[in-house]
Amino acid sequence: MFDKYKAQGWWPIITEVVSTEKETSTKDQSKWICKYGLAAPRNQEEAFEIAIGAILTQNTSWKNVEKALINLKSSGNLSIEKISSMPLKNLENLIKPSGFYKQKALRLKEFSKFVLSFGSMRNFIEKIDRETLLKQKGIGHETADSILLYACKQKQFVADAYTKRIFSRIGLIKKDTKYEEVKKSFEENIPKNLEIYNEYHALIVEHAKQFCNKKPACEQCPLSKLCKKMI
DNA sequence: AACCAGGACGTGA
DNA sequence: TCACGTCATGGT
C-alpha cells in the first residue's frame with residue numbers, strides 16, 4: 001500500500017491560506033483548507049483539533065468534517081476554552097455540516113471539559129490512559145485510539161471498519177471479529193513503532209476509499225493478487 | 001433517488 | 001452478550 005499511495009502524513013490539519021493576488025488586495029482574501037503531511041500535532045492546539053476531528057468524523061465522511069472544522073477555526077472557536085464555554089446552540093450550528101450535530105455538540109463540550117479537568121491539553125496528553133478515555137460518553141474504541149495515537153502519540157493501533165473490511169476480504173481475519181481482537185492482532189504482528197501505527201492506519205483509509213469501498217474495484221486494486229476477495 | 005460516510009449509545013431479547 | 005434502531009448532513 002505504501003508503494004502505491006506513498007506517505008499520507010496524518011493527521012490532516014485545517015490551515016489558512018492567504019491569497020497573494022494584488023488586484024483584489026482591498027479585501028483580505030483568505031481561505032481555509034485541510035492540509036496533510038504537516039507531521040501534526042506540532043503544538044497543543046493541533047492536538048486538540050485532532051481530538052475534535054476524531055469525534056466529528058464518527059460515521060461521517062471527512063469532507064463534511066472539514067466544513068465543520070473550518071467553521072470552528074475561521075470563527076475563532078476551535079479551542080478548549082471556547083468549545084467548553086460557548087452556548088450549545090452556537091456550537092451546534094457551527095458543526096452542523098458534520099451530521100449528528102446535536103449529540104456531537106454535546107460530546108465536544110463534554111470532551112473539552114474533560115480535558116480542562118486535567119488542567120491543560122499538555123497535561124491531558126501526558127496523563128491520559130485508554131481506560132479512562134473510554135469511560136467518556138461519546139468516545140468508543142476507534143475514537144479513543146485515534147485520539148491516543150494521533151493527538152497523544154501513544155502506540156495504539158486504530159482498527160476501524162475499513163481495517164476490518166479490507167483484511168476480512170483479503171482473508172486474514174473473519175468479518176465478525178470484534179474491534180479489540182482486530183486491534184490486538186495488528187499490534188502483535190506489526191512493529192511496535194509510532195510512525196508505523198500512524199501511517200498504517202492512514203494507508204488503510206486511503207486504500208478503502210480508492211478501491212476497497214462498499215462496492216470494491218477489484219480490477220484496478222493493487223492488492224488484487226494477494227486478496228481472496230471474500231466480499 | 002437510494003445509498004454511504006474514518007461510530008457510539010440505548011434498548012430489549 | 002448481541003442484534004437493531006437512532007442520530008443527520010452532504011456527496012455520488
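Lettering follows sequence order; numbering is per chain, from 1.
Atom NZ in A:Lys137 sits roughly 8 Å away from atom C1' in B:dC9 (whole-Å rounding). Atom pair A:Asp176:CG and C:dT1:P shows a separation of 16 Å (rounding to whole Å applied). Whole-Å rounding puts the A:Asn71 CG to C:dT9 P distance at 14 Å. Rounded to an integer number of Å, the gap from CD of A:Glu92 to P of C:dT9 is 11 Å. Atom CG of A:Asn64 is separated from atom C1' of C:dT12 by 12 Å (rounded to the nearest Å). One atom, CD1 of A:Ile166, and another, P of B:dG6, lie 12 Å apart when rounded to the nearest Å. Taking atom CD of A:Glu66 as the reference point, atom C1' of B:dA5 lies 13 Å away to the nearest angstrom. Following rounding to the nearest Å, A:Gln8 (CD) and B:dG6 (P) show an atom-to-atom distance of 13 Å.
Taking every heavy atom of residues 95-117 of chain A and every atom of DNA chain C, pairs under 4.0 Å involve A:Lys96, A:Pro97, A:Gly99, A:Phe100, A:Tyr101, A:Lys102, A:Gln103, by number.
We find that the ring of A:Trp62 and the base of B:dA5 do not stack by the test of centres under 5.5 angstrom and planes tilted less than 30°.
In terms of position on DNA chain B, the residue among A:Ala54 and A:Leu134 whose nearest nucleotide sits closer to the 5' end is A:Ala54. Two residues, A:Asn59 and A:Lys63, neighbour DNA chain C, and the one matched to the more 5' nucleotide by heavy-atom proximity is A:Asn59.
Between the CG atom of A:Leu134 and the OG1 atom of A:Thr143 there is a distance of 9.5 Å, given to the nearest 0.5 Å.
Within 4.0 Å (heavy atoms only), A:Ala68 reaches no atom of the nucleic acid at all. A:His141 comes within 4.0 angstrom of sugar-phosphate atoms only, judged by non-hydrogen atoms across all strands, and of no base. A:Ile55 comes within 4.0 angstrom of no nucleic acid atom, judged by non-hydrogen atoms across all strands. Backbone-only contact: A:Lys178 has heavy atoms under 4.0 Å from sugar-phosphate atoms and none from a base. A:Glu206 comes within 4.0 angstrom of nothing in the nucleic acid, heavy atoms only.
Within the 6.0 Å centre-distance limit, the rings of A:Trp11 and A:Trp62 are counted as a close aromatic pair. Taking the centre of each ring, A:Phe186 and A:Tyr197 stay at or above the 6.0 Å mark.
Using a 4.0 Å cut-off between a side-chain N of Lys or Arg and a carboxylate O of Asp or Glu, A:Lys183 and A:Glu187 qualify as a salt bridge. Residues A:Glu110 and A:Lys113 are not paired through a salt bridge, judged by the lack of any N-O separation under 4.0 Å between the basic side chain and the carboxylate. The residues A:Glu46 and A:Lys73 are annotated as not salt-bridged, no charged nitrogen and carboxylate oxygen being separated by less than 4.0 angstrom. Note on A:Lys63 versus A:Glu66: salt bridge recorded, some NZ/NE/NH1/NH2 to OD/OE distance being below 4.0 Å.
OP1 or OP2 of B:dA5 has at least one side-chain nitrogen or oxygen of A:Arg165 nearer than 4.0 Å. Phosphate proximity of B:dA5 to A:Lys214: present, with a side-chain N or O under 4.0 Å from OP1 or OP2.
Picking from B:dA8, C:dA8, B:dG10 the nucleotide with the shortest atom distance to the side chain of A:Glu142 gives B:dA8. Nearest to the side chain of A:Lys67, among B:dC4, C:dG10, B:dA8, sits C:dG10. Out of B:dA5, B:dG6, B:dA8, the shortest distance to the side chain of A:Thr143 is found at B:dA8.
Tested against A:Gln58, the residues A:Lys104, A:Arg107, A:Gln103 include a single side-chain hydrogen bond (donor to acceptor under 3.5 Å, both in side chains) partner, A:Arg107.
The same atom, C1', is picked in C:dG10 and in B:dA1; the two are 14 Å apart, to the nearest Å. Between C:dA8 and B:dA2, the distance separating the two C1' atoms is 16 Å to the nearest Å. Atom P of C:dG5 sits at a distance of 15 Å from the matching atom of B:dC4, rounded to the whole Å.
Using cut-offs of 30° and 60° on the angle between ring planes, the pair A:Phe114 and A:Phe118 is perpendicular.
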